[in-house]
Structure formats: C-alpha cells, structure tokens
Amino acid sequence: MLIKSAPDIHPSEITPESVYRNRRQFMKDAMGLGVVAGAGLTMPGLAAAAPGDALRARAPTDMQRSAPADWWQGKFDSILAADRDGPFATDEDLTPYQDVVTYNNFYEFGTDKEDPHRRSGGFQVDPWSVAIEGEVNKPGVYDLEDIVNPHTLEERIYRLRCVERWSMVIPWVGFPLADLIKRFEPTSKAKYVAFETLVDPEQMPAQRSRFSIIDWPYREGLRMDEAMHPLTFLAVGLYGDYMPPQNGAPIRLVVPWKYGFKSIKSIVKIRFTEEEPATSWSMMQPNEYGFYANVNPEVHHPRWRQDMETRLPRTLFSFARIPTEMFNGYGDQVAHLYEGMDLSRYY
Ligand code: MTE
C-alpha cells in the first residue's frame with residue numbers, strides 16, 4: 001500500500017464538529033428517547049428540516065447526487081443515536097466531516113488521497129443490487145432496497161485505523177452485518193464471507209488504467225464469527241447523512257478492530273464459502289498483508305512500524321501522534337475470537 005503524508009487541508013474548509021454534536025444533542029433532548037427524528041421539530045436554522053439537512057447543506061454537491069430513491073430518504077428520518085458511553089461508540093473527538101470525505105483510499109478512483117473525492121462526483125448508485133451467493137439458503141440478486149429497507153438504521157462512532165498509520169473517528173450510519181446475514185440463512189458449510197466491489201471501468205477511472213496495481217474487483221473477506229460479531233457493520237451513511245461516493249456509496253463494510261483495507265466499499269457481492277476467500281491486498285503482497293489484518297501494535301508491517309498512528313486532522317498546533325492499541329482499542333470485545341492463535345503468523 002502506498003504511504004501518503006497527512007492531508008493538507010485549510011482550516012476554513014473544516015466543518016466544525018460542534019455543528020454536528022449540537023444537532024444530535026438537541027434531537028436527543030427534544031425527543032427524550034435517544035432517537036434522532038426530524039419530523040415536526042423547530043429550531044433556528046433547522047426548522048422543518050429532516051435530519052442531515054444541516055450537514056447536507058455543507059456537503060459537496062457530488063454527495064447530494066448520490067442520494068437516491070424515496071424509500072431511502074425515509075430511512076434517514078429516524079436513526080438510532082449511538083450511546084457515546086456504550087460499546088458501539090467512543091467519546092473521542094470526531095474527525096471533521098471535511099477530512100472524512102476528502103482524504104480517502106478508494107483505488108478504483110486513483111491512488112492519491114484526493115482522487116476519490118475529485119473523481120467520483122458522477123458515480124451512480126441508483127439502481128444498485130447486491131448478489132448473495134454460495135453456501136446460503138436464500139441466494140439471489142437483491143435490489144439495494146431489499147438489502148437495506150428491513151433494517152432500522154443506527155449510528156456507530158468507530159475509530160478507523162489505516163495500515164498506513166493514520167486514523168480517524170467517524171460517525172457511521174448503518175446496521176449490523178449479522179442482522180443481514182441471518183436473513184439470508186447461511187448453511188452449516190458457510191465458514192467465511194467474501195465481499196466484492198463493483199467493477200465498472202466507465203465510472204471508476206483507475207479500473208481503466210493499464211498500470212492499475214489491483215486485480216479487480218477489490219475483494220475482502222471475514223471469518224464467519226468475525227462477520228457475525230456485533231461490532232461488524234454495514235454502513236450506508238456517515239455524519240447522519242447518505243454515504244458520499246468517495247467513502248463507498250451506497251453500502252460498505254466497517255470492521256473497526258481491523259486495518260482499514262478490510263472495510264470494503266461499494267459492495268455488489270456477498271458470498272458465503274467453506275474456504276478462506278482470496279483478498280485483494282494479500283493476493284498482491286501476501287508477506288505484507290494478511291487475511292486477518294487485526295490492528296496490532298506488536299506486529300509490524302515489513303516496511304513500517306505499527307505502534308503509533310497519526311490521528312487526523314494534523315494541524316499546525318498538534319502533530320496528533322498517539323499510540324496504537326491492540327485490536328484498535330476493541331480488545332475487550334474481540335480478543336476472544338483469536339484465542340490460541342499466533343497473531344504474528346495470522347497477521
Ligand atoms: N474498498 C475498495 N473497494 N477499494 C479501496 O481502495 N480502500 C480501503 C478501504 N476500502 C478501498 C476499500 C482502505 S486501504 C481504507 S484505509 C479504507 O477503505 C478507507 O476508507 P475511507 O476512505 O472511507 O476512510
């Protein structure tokens with residue numbers, strides 16, 4: 001994986017986190033339920049606004065273009081707010097919205113951090129379908145509506161730690177992968193879940209390139225118990241709004257205790273398998289990137305150490321270097337999955 005320096009973002013471009021926090025707190029207080037809901041609320045600047053509108057107004061226009069059908073808009077009217085003291089959130093400062101959507105890895109759009117933001121403006125996510133295949137009782141090609149609509153959307157505030165040693169704290173919107181998996185009834189032979197991203201060279205410029213380093217589609221996979229873990233999340237939005245194309249619209253995986261490359265974007269296929277599936281980075285450089293890719297400050301990448309990270313954004317006044325935690329700080333919840341395994345061998 002290429003290493004890039006932290007982003008060079010002018011402070012005036014950064015959406016203040018307080019805008020988001022205040023809105024969430026207001027919604028919570030107003031409803032007294034811990035549930036975000038927009039209908040009928042009045043507040044200066046937010047009158048009659050659906051949740052997300054205040055943020056949407058600040059979002060790049062490409063994000064608005066990715067907002068699809070009516071059923072989808074309704075989903076964002078009631079999002080279960082994350083309990084910041086609970087297991088699915090953190091009270092650490094959120095990475096400002098503008099950093100989350102302008103500093104990305106999405107190699108289908110190019111290898112520079114700015115490429116996904118600059119080159120995904122016209123990315124079409126409607127219609128979208130997801131194929132469910134393999135060791136499962138209900139295989140088929142399902143419209144995104146069938147995939148998402150049965151689920152109540154909730155917020156999760158997770159740390160994202162990239163193997164390149166930068167990290168962010170992102171408020172995602174989505175639902176647990178386990179809830180989706182149960183609906184399609186995997187058979188007893190299903191030991192792993194494999195995921196694939198869209199292949200569409202017309203829309204994804206790097207897939208047209210002869211110099212592309214990845215053998216498309218981008219592939220990822222999880223062991224079944226990892227996929228069923230309550231932390232493992234299918235995200236359809238962030239910061240209370242639709243998923244911007246550059247962050248993996250319309251639906252992506254988020255596995256917070258693993259390096260970011262496991263969190264595959266723009267998913268079109270979910271396949272249940274008996275054997276460990278091939279994954280893009282370990283196909284390319286198996287000595288550098290393993291199947292498990294658990295965040296581990298004791299097991300270093302062959303070309304760089306993993307015991308420190310830079311929490312973005314890096315500013316003039318804070319270098320923001322912090323120690324990396326085992327399993328990205330989620331050890332209490334996930335360490336039991338790897339009991340008895342040599343994590344320097346299964347990296
Ligand atoms: N998914 C696809 N399809 N293509 C990619 O290049 N990059 C991965 C992951 N998912 C990638 C992907 C990497 S390396 C990281 S660190 C995260 O997405 C970055 O997610 P973000 O851009 O939303 O922060």
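Values reported hereafter were calculated over all heavy atoms of this structure, with side chains retained and with hydrogens, waters and symmetry mates removed. Atoms within a ligand are numbered from 1 in the order they appear, just like the ligands themselves.
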May I ask you to decide whether [X] forms a salt bridge with [Y], counting only side-chain N to carboxylate O separations under 4.0 Å?
| X | Y | result |
| --- | --- | --- |
| Arg159 | Glu92 | yes |
| Glu114 | Arg119 | no |
| Lys262 | Glu220 | yes |

Out of all atoms in ligand 1, which are within 4.0 Å of some heavy atom of [X]? Include the element for each.
| X | result |
| --- | --- |
| Thr197 | 3 (N) |
| Asn104 | 21 (P), 22 (O), 23 (O) |
| Ile264 | 1 (N), 10 (N) |
| Cys162 | 16 (S) |

Is there at least one pair of N or O atoms, one from Trp166 and one from ligand 1, spaced under 3.5 Å apart?
no
Would Trp281 count as a polar contact of ligand 1, with the cut-off being nitrogen or oxygen pairs under 3.5 Å?
no
What class does the angle between the rings of [X] and [Y] fall in, given that below 30° is parallel, 30 to 60° is tilted and above 60° is perpendicular?
| X | Y | result |
| --- | --- | --- |
| Tyr292 | Tyr338 | perpendicular |
| Trp72 | Tyr242 | parallel |
| His301 | Tyr289 | tilted |

Mind listing the side-chain donor-acceptor pairs of residues 129-138 below 3.5 Å, one per line with the distance, residues two or more places apart or on another chain?
from	atom 1	to	atom 2	distance (Å)
Glu133	OE1	Arg271	NH1	2.9
Glu135	OE1	Thr187	OG1	2.9
Lys138	NZ	Glu185	OE2	3.4

Between Glu108 and ligand 1, which part of the residue brings a heavy atom under 4.0 Å of the ligand: side chain, backbone, both or neither?
side chain
For ligand 1, does Lys262 get within less than 4.0 Å through its side chain, its backbone, both, or neither, judged by non-hydrogen atoms?
neither
If the contact criterion is a heavy-atom separation under 4.0 Å, does Ser263 count as touching ligand 1?
yes
For Glu220, is the nearest heavy atom under 4.0 Å from an atom of ligand 1?
no
Shortest non-hydrogen separation from Tyr107 to Ala206 and the atoms involved
O-CB, 3.0 Å
For [atom], the option (of [options]) bearing the nearest heavy atom:
| atom | options | answer |
| --- | --- | --- |
| atom 24 (O) of ligand 1 | Leu160, Val101, Asp99 | Leu160 |
| atom 18 (O) of ligand 1 | Lys265, Met243, Met168 | Lys265 |
| atom 2 (C) of ligand 1 | Tyr218, Tyr103, Tyr107, Phe261 | Tyr218 |

Other than Val299, what residues sit in its cluster of Ile, Leu, Val, Met, Phe, Trp and Tyr side chains whose heavy atoms are under 4.5 Å apart, directly or through others?
Tyr347
